[in-house]
Amino acid sequence: MTDSTHWTDDSIPFMQRVYAVVRLIPEGRVTTYGRIARFVGAGRSARMVGFALHNCPDDVSERAHRVVNRIGELSGGWSWGHPAIMRGLLEDEGITFIDEYQVNLDRHLWDPNEELDVDQPPPTK
DNA sequence: GCCTTGACGGCAA
DNA sequence: GTTGCCGCCAAGG
């Protein structure tokens, strides 16, 4: 395939790659910033992932609550106004928590590196 | 145009 | 095993 658009395509803005991954997060699953960063070829730039989501469009914001840090904690829960809102959304999707604001990654972790293929181009919305 | 901050992660001490 | 620092890249002041 002569796909000019793949996950590690340099012609695609980093933030846009992050948005694409977030949009593909299945309902009832969670992922981490580091996993996404590594998948898009950002390596250790997990910080950018969070920063990208801070300026994300509304459609991505709808799925951003499924993105947590490496320990499954609701890092910037206050970005939605209150972490309880985020927790409620996750619980409604069937996500279980090992703590008040810490999800059970061992049970719901969705790793793009495992579930997706770099050769499979994003929707490129 | 330069410096600081930022939804984090990994490694070193 | 825990705490702290540095690194990553981008955007705002």
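Below, chains carry the letters A, B, ... as their sequence lines are ordered, and counting in each starts from 1. What's counted below: heavy atoms across the whole structure, side chains too, no hydrogens, waters or symmetry copies.
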Checklist line | With sequence neighbours excluded, residues passing side chain to side chain contact (heavy atoms under 4.5 Å, CB included) with A/Gln102 | finding: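 A/Gln102: side chain to side chain contact (heavy atoms under 4.5 Å, CB included) contacts with A/Ile71, A/Ile98, A/Asp99.
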Next item on the list: Please state the C1' separation for the pair B/dA7 and C/dT3 - nearest whole angstrom.
Entry: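 Straight-line distance between the two C1' atoms is 22 Å.
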Notebook entry, point to check: With sequence neighbours left out, which residue pairs that include part of residues 35-69 of chain A fulfil the ring-ring contact (aromatic ring centres under 6.0 Å, His included) condition?
Noted result: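 Every pair satisfying ring-ring contact (aromatic ring centres under 6.0 Å, His included) with a residue in residues 35-69 of chain A: A/Trp7-A/Phe39.
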Distance in angstrom units between [X] [atom1] and [N] [atom2], rounded:
X	N	atom1	atom2	result
A/Ile71	C/dT2	CD1	P	12 Å
A/Tyr33	B/dG6	OH	P	15 Å
A/Leu105	B/dC8	CG	P	14 Å
A/Ile36	B/dA7	CD1	P	16 Å
A/Arg87	B/dA7	CZ	P	21 Å
A/Glu73	B/dA7	CD	P	13 Å

Checklist line | Strand contacts (DNA chain B) in residues 60-67 of chain A, 4.0 angstrom heavy-atom criterion | finding: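 Nucleic-acid contacts, sorted: A/Ala64.
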Check: Taking A/Arg70 for the side chain and A/Tyr33 for the main chain, is one N or O donor matched with an acceptor at less than 3.5 Å?
Finding: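 It does not hold such a pair.
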Produce the list of close N/O pairs, under 3.5 Å, pairing protein atoms with atoms of nucleotides 8-10 of chain C; give distances to one decimal.
unit_1: C/dC8; atom_1: O3'; unit_2: A/Ser45; atom_2: OG; d: 3.4
unit_1: C/dC8; atom_1: N3; unit_2: A/Arg47; atom_2: NH1; d: 3.4

Notebook entry, point to check: Charged N to carboxylate O below 4.0 Å: is that the case for A/Glu93 and A/Arg29?
Noted result: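 Here A/Glu93 does not pair with A/Arg29 in a salt bridge, since their nearest N and O are not under 4.0 Å apart.
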Next item on the list: Would you give the length of the straight line joining atom OG1 of A/Thr32 to atom CG of A/Leu109, rounded to the nearest 0.5 angstrom?
Entry: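 It is 6.5 Å, given to the nearest 0.5 Å.
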Notebook entry, point to check: Closest heavy-atom contact between A/Val68 and A/Glu73?
Noted result: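 Of all heavy-atom pairs spanning A/Val68 and A/Glu73, the closest is CB-O, 3.5 Å.
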Next item on the list: Taking side chain to side chain donor-acceptor pair (under 3.5 Å) as the test, write out the residues that go with A/Ser61, two or more places apart.
Entry: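 So A/Ser61 forms no side chain to side chain donor-acceptor pair (under 3.5 Å) with any residue.
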Item checked: Set of residues satisfying side chain to side chain donor-acceptor pair (under 3.5 Å) with respect to A/Arg35, sequence neighbours excluded ->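 If we apply the side chain to side chain donor-acceptor pair (under 3.5 Å) test to A/Arg35, skipping adjacent residues, the hits are A/Asp111.
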